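Input: a single structure, listed below in C-alpha cells.
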Amino acid sequence: MAEIHTRPPVQSNARQSNGEEILSIQQRRWRKFRSLKRGYYSLLVLLAAYIVSFFLPLLVNNRALVVHYNGKTYFPAVRDLLDLPIVGQLGGTPFIAGEELGQVGNKSECNYRALKRQYEEEGKGNYVIMPLYPFGPIEDISVEGNEPFMPPLSQTEFGEVRLFGTDDRGRDVFARMAYGFQISFSFALLVATLSYLIGVPLGALMGYFGRWFDLMMQRFMEIWGSLPFLFLIIIVVSIVRPSFFVLVLLLVIFSWLGIAQQMRAQFYREKTRDYTAAAISIGVPTWRILLRHILPNSLVPIITFFPFAVVGDIGALVSLDFLGFGLAPPTPSWGEMVSIGMDNLTNGYWWLVLVPLGALFVTLMLVVFIGEAVREAFDPKTFSRLR
Amino acid sequence: MVEYFIRRLLLTIPTFLGSTFVVFLIVQLAPGGPLEQQIQALKRGGETAGAGLVGEQALPKDAIEELKRFYGFDKPIWQRYLIWLGVWKREAKSYRIKPGVPRLVGDNERLILVQEGESVVLRNADDPARPIGDWKWRKERDDETGEVRYRVYREAYSGILTGDFGRSYRFRKPVIELIAERLPVSIQFGIISFVLSYAISIYLGVQKALRHNTPFDFATSSAVFMTYSIPGWAIGAVLLVLFATDRFFPIFPLGGFEDPLYADFSLLEKIWDRAWHFVLPTIAYTAGSFALLTMLMKNSLIETLSQDYIRTAFAKGIREERVIWLHAMRNSIIPITANIGYVIGIFFAGSYLIERVFDIQGIGQLSFEALVARDYPIVFAFTVISVVVTLIGSILSDLALALVDPRIRFK
C-alpha cells in the first residue's frame, strides 16, 4: 500500500528517462494557455487595464494631483483613490473650496483647470499639476466650461482636449467610460466569485449526499430558475435604490444556480468512481473525500466557465443600467451612458452610444478570448479526420 | 417514454405554483403599489381642489376602504393569491346598500334589503317575487365609529386558471386583450429569428467544422465570439446608430414596427415596409442565440467526423456531401436540438431590451411599462407567460432530444 503513489513526486527540474521535463497538470495547462497567443495577450491586456483602473483618480480626474499655493502643498486627487473600492461613492469626499486656493469668490469646489491658468498668469510661484486627462466622471454643467453635447476632440478654452466629448449634462464621456470599466469589471468579478462561493459547496453537497436534500434543493432550484429574474431585480431595485454591494448580492441570488447544477452533476458522477469507493472503504473522513479527492476532479468545467460568467454579469449590469434600474446615478456606468445616447438618437450625438458600447465590446471580447484559451488549455482535444 | 413526459408535465404544476407565488409575494409586498399610488393621486387632487384640508384628513376613510377592496388589499396575501389563481371565491361585484333603499346593481336589476319579521332579507326591489340569483348581503361594522353598514355582493371563481387575467389598472381593459394586441409583433420576431438562428448556425457550424483551423474558421470565430459576448440589444443599438441615423448611413428606419402610413399602403408596399422595419431588430434578436448554436454545431460535427463509422463511409467511396449531411449530421445535430426549448424561451417571452431599443410595441415593452407603473394584472400575466414558456421549453427540449436520438430513453 505504501508504495502506491497517486502522483509522481514532483520536483521543479525533474526529468523523465527520455529527457522530457515532468510537469504537473497545472504546469502543463499554464504552458498550453501561454501558447495560445490570443487568449494570453488578452489576459495581459485586461489585467493591466484593470490594475491601472485602480489608479484612475490619478490619471483621469478633474481634481489636481498637486496644488502648491502660498507655500502649502495639497493633493486633492489622492483622496479619491480611497474612494474607488467602494465604487459609486465618487465625489463624496470633502472638497477644497476654490477660495482656499485663491479662486476669489468660489465657495464651492475649486475648479483646478481654471486654477492652473490663474497661477500661470499670476506668476507668483504657485503651481498646479493636473492628471493626464484633466476631466472627472461626475463634474457636470455646474462647473464653468462644461457644455452639454460637446463633440469628440473639442477643446476647452484652456486648450484641453475632450477625447469623446460630453453628454447631456456636460459630463466628460471619456472619463465616464474609463470609470465605467473599473465599476463594471469589479462588479462582474465580485458577482461571479460570490456565486461560485455559494454554488460550488451547495452543488457539491447536493451531488454527494443526494436523497432528500438533493430532491428538495432540486425543486427549489427549478422554481428559482423559472422566475423571470431581470423582472424581479427591477421590482426590487425600484423599491430600494441599491448600493453597489446590494446590486451585487441581487445578481448573486440568481446566478449561483447554474454553477450549483454543474457541480451537482460532477459530484454525482465522481461519487460512483472507484477511487471514491476506495477512499470511503479505507475510512477517509467525508470532508476529506469531498475536498481533497472529488473537488479537484470536478472543478475543470466550472473553472473554464468562469470567464463566461464574468461576461454574463457585465452584460447583466449594463442591461440593468440601460433600463435605469442599476447603480444609483450619478455613478458612471456604460448602460446609463447608452440610454442617454438612445434618448438623443435623432440628434446625431453618435458618440454617446458608440463610446460606451465600444468599451463594452472590447472588454467582453477580451474576456471571451481568455475564456476560449482557458477552455482549450484545460481540455486539449485533438481531432483527426479523414476526408 | 410517454409516461416520462406525462410525469414531467405533472411536475410542472408545483413548479408553476411555486414560482408564480414567489413573484406574487414579492410584487404584492413591494411598497409603492397601485393602492398607495392611487391614494397619493387622490390626495394631490384634493389639495389642488383647494379644499383647505391637506394631508390624511382630505381622504375619507371610506374611500380608502373602497380602494383597498378594489385592489383586493383587504385580504391576506395567501387568499389574494388563491383568488388570483381562481380557486378561491372572488367578490366579483360588491355594492353598499342602505336598508330599505333600493340599490341598482347593473342591468336594470335593483335590490333592496327589507326587514321581514325577525330577519333581514334581500329582495328584488321591483318585484319581490323574482329570484335574486346568487346575490348575498352582509353587515359591516366600522371599528372606530361603530357605525353599521350593509353590503350586497356576488361571488365567483375567476382567476388565471379560468382564463381571467384581470383588467389592467392603467388601460382599464382586460389584460388578455392588451396582450393579444401586442403578442403578434413579438411572435413574428420570435419565429423569424428562431428559424434564422437555426438555419445560419447549422450551415455556419458545418462550414467551420469542415474548414477547422483555416483562416475562414478564425475569421468567423471572431464574429461568433462577438455576438456571443455582447447582449443583443447592444448590437441593436450600435446598428441603429450606424445604419439608421443621419450621421452615418441612414438606410433603415429608426425603429418602430411599421410606417405611420402603413394602413394606406398597397400590399406590396406593406410587405416591403414590414421587411424594412424587420431587418435591424431581427439581427439583434438572432445574434444572441446563434453564436452558442454555431459553436455547438461545429464542435459536435468535428467530434463525429473523427469517428470510425465516418471513416468507413469515406472508405466505401461515398460522396463527401452525403457523408456529412446524411451520416455525420444525424449524430451531430443532437446537442443543438437539446437547446431548442431554451431558445424558444428567449424568443417567445419577448425581449424588452430589444423592444425598447427599437421602440417596438411588443409584450416585452408592455410588461416593462406595467412593471414601472405597478400595473399588477399585466405584470402577473407576463410572469405566467414567461414561467409557462420556460417550463414547456425544457420539456420540449427533452422531447426533441428523444425524437432525434433513438438511443435516448427517458425513464
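Chain identifiers are assigned alphabetically (A, B, ...) following the order of the sequence lines, protein sequences preceding nucleic acid strands; residue numbering begins at 1 within each chain. Owing to the predicted nature of the structure, the values given are computational and were not obtained by experimental measurement. Only heavy atoms go into these numbers, but all of them, side chains included; no hydrogens, no water, no symmetry mates.
Formation of a donor-acceptor pair under 3.5 Å by the A:W256 side chain with backbone atoms of A:I253 is found in this model. At distances below 3.5 Å, at least one donor-acceptor pair connects side-chain atoms of B:E355 with backbone N or O atoms of B:G364.
For chain A, no part of B:L17 is nearby; none of its heavy atoms comes within less than 4.5 Å. With a 4.5 angstrom heavy-atom cutoff, A:Y349 does not touch chain B via any of its atoms. With a threshold of 4.5 angstrom between heavy atoms, A:V367 does not approach chain B through any atom at all. Residue contact with chain A, scored on non-hydrogen atoms closer than 4.5 Å, is absent for B:T12. Contact annotation for A:F220: neither backbone nor side-chain heavy atoms come within less than 4.5 Å of a heavy atom of chain B. In this structure, chain B has heavy atoms under 4.5 Å from both the backbone and the side chain of A:L323. Proximity to chain B (any heavy atom under 4.5 Å) is shown, for A:L345, by both the backbone and the side chain.
Judged purely by distance below 3.5 Å, without hydrogens or angles, the side chains of A:D214 and A:Y268 never pair a donor atom with an acceptor atom.
Annotation: maximal heavy-atom pairing with chain A below 4.5 Å, among B:V372, B:V323, B:V238, occurs at B:V238. Chosen from A:G324, A:S339, A:S319, A:G371, the residue pairing most often with chain B at heavy-atom distances under 4.5 Å is A:S319. Ranked by heavy-atom pairs shorter than 4.5 Å toward chain A, the options B:L371, B:V27, B:T383 are led by B:L371. For the set B:V387, B:L353, B:V388, the entry with the most heavy-atom pairs within less than 4.5 Å of chain A is B:L353. Counting heavy-atom pairs closer than 4.5 Å to chain B, the top residue among A:I314, A:V338, A:V368, A:V311 is A:V368.
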What do the steps show when you test A:Y50 against A:S186 for side chain to side chain donor-acceptor pair (under 3.5 Å), and what is the final call? CA-CA 9 Å; A:Y50 189 53; A:S186 306; 2.9 Å; yes
For the pair A:Y179 and A:T331, evaluate side chain to side chain donor-acceptor pair (under 3.5 Å) and give the outcome as yes or no after the intermediate values. CA-CA 9 Å; A:Y179 280 85; A:T331 314; over 6 Å; no
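In this structure, A:Y41 has its ring center at least 6.0 angstrom away from the ring center of A:F369.
Separation of atoms NE2 (B:H327) and CG (B:L305) is listed at 12.0 Å; rounding is to 0.5 Å.
Judged by the 6.0 Å and 45° rule, A:R38 forms no cation-pi pair with B:F218.
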